[in-house]
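Below you'll find the structure, written out as structure tokens, and then a few comments.
Chain letters run A, B, ... following the sequence lines, proteins first and then strands; every chain starts at 1.
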Amino acid sequence: MPPPPSRFLALLSARRPPPLRRLLQVHAHLLAAGLLSSSSDLPSRLAAAYALSTADASFPSPLHHALALLAPLPASAYNAAIRALSSCGDDEGYRHGRGGAGVVVVVRRCLPLYRALLRSGAARPDHLTFPFLLKACARLRERGYGDAVLGHVLRLGLDSDVFVVNAATQFLAVRGSMSDAHRLFDQSTVRDLVSWNTLIGGYVRRGNPGEALGLFWRMVAEDAVARPDEVTMIGAVSACGQLRDLELGRKLHAFVEGNGVRCTVRLMNAIMDMYVKCGSLELAKSVFERIEHRTVVSWTTMIVGYAKFGFMDDARRVFDEMSDRDVFPWNALMTGYVQCKLCKEALALFHEMQEARVEPDEITMVNLLTACSHLGALEMGMWVHRYIEKHRLVLSVALGTSLVDMYAKCGNIEKAVHVFKEIPEKNALTWTAMICGLANHGQASEAIEYFRAMIDLGQQPDEITFIGVLSACCHAGLVKEGREFFSLMDTKYHLERKMKHYSCMIDLLGRAGHLVEAEQLAKTMPMEPDAVVWGAIFFACRMHGNISLGEKAAMKLVEIDPSDSGIYVLLANMYAEANMRKKADKVRVMMRHLGVEKVPGCSCIELNGVVHEFIVKDKSHTDSDAIYDCLHEIALQIRHTDDLLNISATGVV
DNA sequence: GTAGGGTTAG
């Protein structure tokens with residue numbers, strides 16, 4: 001007894017097509033049983049399965065089998081195959097990196113099918129073809145295909161079909177411009193709830209919450225037929241979250257409850273997220289507690305909420321309470337640790353994640369690299385780099401930027417430059433990471449060169465980019481360039497100059513001996529100079545022997561932080577250098593009298609992937625004795641070298 | 001058949 005046709009139908013309709021070998025067996029069987037000539041769905045399902053499957057050495061072009069099967073069939077058969085391809089990978093959720101590129105390759109196969117349909121004598125594209133085809137085009141990177149398809153829609157007069165128009169709006173919102181999508185919406189004679197939702201959702205995705213909410217209110221006021229539903233409200237509430245407008249958010253929440261909108265989990269999740277973004281952890285929590293069937297998204301949103309306000313213990317508790325976790329909650333918790341500067345915890349979490357056999361993704365890698373940058377953990381950072389290469393993760397802008405930053409902050413500037421050059425798509429953040437890295441490594445002229453290249457390529461520098469170039473100028477003593485960039489910031493880029501920019505500029509002027517100008521800038525800057533500014537002035541005074549201004553700066557520093565012992569020591573040193581022994585002793589006495597104590601500093605180092613932390617006089621490390629022996633040895637060598645240098649400097653040798 | 005919530009870099 002052969003299996004019934006329904007079994008083949010189920011086999012061919014599975015989310016993943018059967019292997020090509022099996023497909024050919026099924027094909028042969030259906031042919032023999034005469035089932036392919038019937039009016040059933042079997043031929044188009046088989047064609048779709050061929051189109052979905054991956055070619056191998058023995059069957060290099062399964063797509064040809066698909067086209068041959070479809071040739072005598074009506075448009076509906078083509079539509080079914082295009083549909084299968086256009087939503088391929090939907091269930092897994094579209095992800096960047098692994099699999100993402102493969103999905104796009106499969107989606108792209110809609111195009112030959114559509115071309116065959118256009119050429120077919122038996123069938124023509126219809127109103128059912130375009131929603132699927134446009135969905136596929138929206139998932140491709142190139143815009144051209146979709147534009148051509150939109151032209152066909154007009155020529156076939158299908159612009160009066162609301163499904164086609166909505167799909168076209170969605171395509172324009174995702175791959176084209178929102179203004180085109182909006183124009184299509186305004187000029188369309190057909191419009192329904194989905195049309196509004198598509199356009200509102202498009203503006204939200206593009207980060208234009210003002211337009212999204214404008215449309216929402218217009219919909220409420222104008223359209224008596226299309227009432228906002230839960231999808232509309234997800235868009236409106238998300239827009240409100242982007243605006244960080246708590247008052248409006250509560251209003252929209254009330255609107256949901258007052259207008260009989262279905263309270264789906266998705267909507268509740270969106271409301272929670274809005275409350276978190278608007279800064280009300282309490283309201284988010286109360287919504288969370290009222291959700292009956294929480295999804296991973298609900299839990300993850302709560303983790304993000306706690307992490308955002310620094311309650312990492314609560315975030316961890318929520319995380320531990322979850323029953324099944326995909327990569328999102330792991331990433332959310334890790335992001336929280338990194339943002340709270342708990343980098344060792346972030347790395348430990350990654351090890352837990354590996355034990356739990358959860359596949360890390362691009363976001364995980366970005367978090368890990370950020371943690372490595374803060375810790376100076378080069379070995380771990382390099383391990384992440386190898387992992388990315390081994391698993392062929394796409395070197396996205398964010399990932400590439402994190403890599404550049406990691407190498408720069410962990411001391412390997414050559415590798416940072418190398419990676420930078422390999423990143424296919426760079427943005428202002430990538431350039432900034434490179435410029436700051438070069439500056440911190442003392443490669444001032446390169447940093448400035450990169451800055452000028454960035455400008456030439458039309459990338460907009462921001463406050464942080466200028467910190468990079470200004471500190472480069474500072475390290476190299478490039479006063480002229482520093483002045484140029486400092487003024488450019490205001491005149492050309494209209495960027496607000498922050499404390500850090502002033503302190504950098506003042507440091508630069510001071511080191512170069514322009515003490516009057518440095519002091520003048522400190523006096524006229526729009527904010528109260530901080531310890532860094534006065535510290536820079538003090539340092540410059542000590543360097544250039546300006547005792548009176550140095551004293552003034554020291555007094556300011558004491559005023560800002562009386563408990564900081566460092567400044568007393570430095571002041572005493574300044575007097576000593578200027579041969580003012582009495583004043584130097586006086587400061588030391590004062591220090592003892594005030595009972596100022598040195599605050600222990602902390603440093604850390606990574607060895608074989610383990611991060612070791614040390615504080616002054618710390619004996620807690622297991623190898624403490626050996627470490628102190630080594631330290632002593634180094635100190636002796638330094639003293640010895642120092643003596644030699646002093647001797648040669650004084651000309652005795 | 002078209003629309004919808006959560007994690008990322010300087």
Side-chain angles (χ1 to χ4, degrees), chain A residues 79-80 82-83 86-87 93 95-96 126-135 138 161-171 173-174 192-202 204-205 229-238 241 264-274 276-277 295-305 307 326-336 338-339 360-370 373 396-406 408-409 423 426-437 461-465 467-468:
Chain A
N79 294 345
I82 293 174
R83 179 194 180 189
S86 71
S87 50
R95 274 205 241 147
H96 294 285
D126 62 18
H127 64 111
L128 290 177
T129 314
F130 291 102
F132 304 131
L133 187 63
L134 284 164
K135 182 182 178 184
D161 184 288
V162 70
F163 281 91
V164 175
V165 172
N166 288 345
T169 312
Q170 168 70 356
F171 167 76
V174 172
D192 67 359
L193 178 60
V194 176
S195 321
W196 287 100
N197 291 351
T198 305
L199 204 59
I200 291 172
V204 172
R205 226 176 307 107
D229 71 345
E230 68 274 11
V231 179
T232 326
M233 295 316 296
I234 286 171
V237 161
S238 308
T264 57
V265 193
R266 286 184 154 203
L267 177 52
M268 291 292 113
N269 291 343
I271 292 174
M272 274 175 69
D273 176 60
M274 176 274 293
V276 167
K277 290 205 169 85
T295 61
V296 193
V297 180
S298 327
W299 290 91
T300 305
T301 307
M302 218 47 235
I303 293 172
V304 172
D326 61 13
V327 71
F328 278 81
W330 287 94
N331 286 343
L333 190 62
M334 203 183 287
T335 304
V338 172
Q339 281 166 356
D361 66 2
E362 186 198 325
I363 311 282
T364 321
M365 295 300 134
V366 169
N367 278 325
L368 281 178
L369 288 168
T370 310
S373 301
S396 68
V397 212
L399 193 52
T401 306
S402 314
L403 266 176
V404 169
D405 186 53
M406 183 277 292
K409 290 222 173 86
I423 302 173
K426 304 176 184 75
N427 64 16
L429 271 73
T430 323
W431 285 95
T432 301
M434 195 65 259
I435 291 164
C436 292
D462 69 3
E463 286 93 348
I464 305 190
T465 323
I467 289 175

Under 4.0 Å, counting only non-hydrogen atoms across every strand here, what does A:Thr198 touch: a base, just sugar-phosphate, or nothing?
sugar-phosphate

Of all the nucleotides listed (B:dG1, B:dG6, B:dA9), which has the minimum atom distance to the side chain of A:Phe328?
B:dG6

Is it the case that A:Asn166 and A:Asp192 place a side-chain donor and acceptor less than 3.5 Å from each other?
yes

Residue A:Glu362, side-chain heavy atoms: nucleotide from B:dG6, B:dG10, B:dT8 that is nearest
B:dT8

Across the strands shown, which category fits A:Thr232 at heavy-atom distances under 4.0 angstrom: base, sugar-phosphate, nothing?
nothing

Would you mind telling me which of B:dG6, B:dG1, B:dT7 lies closest to the side-chain atoms of A:Asp361?
B:dT7

Which part of the nucleic acid does A:Val397 contact within heavy-atom distance under 4.0 Å: base, sugar-phosphate only, or nothing?
base

Any non-hydrogen side-chain atom of A:Val404 less than 4.5 Å from a side-chain atom of A:Ile423?
yes

N or O in side chain of A:Arg266 less than 4.0 angstrom from B:dG6 OP1/OP2:
no

Could you check how far CG of A:Asn427 sits from P of B:dG10, rounded to whole Å?
12 Å

Reckon A:Gln339 has a side-chain N or O less than 4.0 Å from the OP1 or OP2 of B:dT7?
no

Between the side chains of A:Ser298 and A:Thr301, is a donor N or O closer than 3.5 angstrom to an acceptor N or O?
no

Tell me which one of A:Asp405, A:Thr465, A:Asn427 satisfies side-chain hydrogen bond (donor to acceptor under 3.5 Å, both in side chains) with A:Thr432.
A:Thr465

Looking only at side-chain atoms of A:Asp229, point me to the closest of B:dG6, B:dA3, B:dA9.
B:dA3

Is a donor from one side chain sitting under 3.5 angstrom from an acceptor on the other, for A:Asp126 and A:Thr129?
yes

Among B:dA9, B:dG1, B:dG6, find the nucleotide with the atom closest to the side chain of A:Asp273.
B:dG6

When you measure only distances, ignoring hydrogens and angles, does the side chain of A:Thr301 come within 3.5 Å of the base of B:dG6 through a donor and an acceptor?
no

Base, sugar-phosphate alone, or nothing: which one does A:Asp126 contact when heavy atoms must sit under 4.0 Å apart?
nothing

Would you mind classifying the nucleic acid contact of A:Ser402 as base, sugar-phosphate or nothing, using non-hydrogen atoms under 4.0 angstrom?
sugar-phosphate

Rounded to the Å, how far apart are A:Leu199 CG and B:dG4 P?
12 Å

Given the structure, check if the side chain of A:Asp326 and the base of B:dG6 hold any donor-acceptor pair shorter than 3.5 Å.
yes

Do A:Asn367 side-chain and B:dA9 base share a donor-acceptor contact under 3.5 Å?
no

Using a 4.0 Å heavy-atom cut-off, does A:Val165 contact any base of the nucleic acid, only the sugar-phosphate backbone, or nothing at all?
nothing

From the options B:dG4, B:dA9, B:dT7, select the nucleotide whose nearest atom is closest to the side chain of A:Arg205.
B:dG4

Out of B:dG6, B:dG4, B:dG10, minimum distance to the side chain of A:Pro329 belongs to B:dG6

Atom CG of A:Leu134 and atom P of B:dA3: how far apart are they, to the nearest Å?
10 Å

Roughly how many Å is it from CD in A:Gln170 to P in B:dG1, rounded to a whole number?
17 Å

Tell me: CE of A:Met334 to P of B:dA9, nearest whole Å?
13 Å

Classify A:Thr465 by what it touches in the nucleic acid, base, sugar-phosphate, or nothing, heavy-atom distance under 4.0 Å.
base

Which part of the nucleic acid, if any, lies within contact of A:Lys409, taking any heavy atom under 4.0 Å across all strands shown: a base, the sugar-phosphate backbone alone, or nothing?
sugar-phosphate

Length of the CD1-P vector between A:Ile200 and B:dA3, whole Å:
15 Å

By side-chain hydrogen bond (donor to acceptor under 3.5 Å, both in side chains) - contacts of A:Thr401 (at least two apart):
A:Thr430

Have a look at A:Glu463 and say if it touches a base, only the backbone sugar-phosphate, or nothing, with a 4.0 Å heavy-atom cut-off.
nothing

State which of B:dG1, B:dA9, B:dA3 makes the closest approach to the side chain of A:Val194.
B:dA3

Interatomic distance, A:Leu368 CG vs B:dT7 C1' [rounded to whole Å]
13 Å

Interatomic distance where CG belongs to A:Leu369 and C1' belongs to B:dA9 [whole Å]
9 Å

Expected list for residues 326-333 of chain A: side-chain donor-acceptor pairs under 3.5 angstrom, two or more places apart:
| residue | atom | partner | partner atom | Å |
| --- | --- | --- | --- | --- |
| A:Asp326 | OD1 | A:Phe328 | N | 3.0 |
| A:Asn331 | OD1 | A:Thr364 | OG1 | 2.8 |
| A:Asn331 | ND2 | A:Asp361 | OD1 | 3.1 |

The side chain of A:Asn166 is closest to which nucleotide in this list: B:dG6, B:dG10, B:dT2?
B:dT2

Between B:dA3, B:dA9, B:dT7, which nucleotide gets closest to the side-chain atoms of A:Asn331?
B:dT7

On a plain distance test, is the side chain of A:Asp462 in donor-acceptor contact with the base of B:dG10 below 3.5 Å?
yes

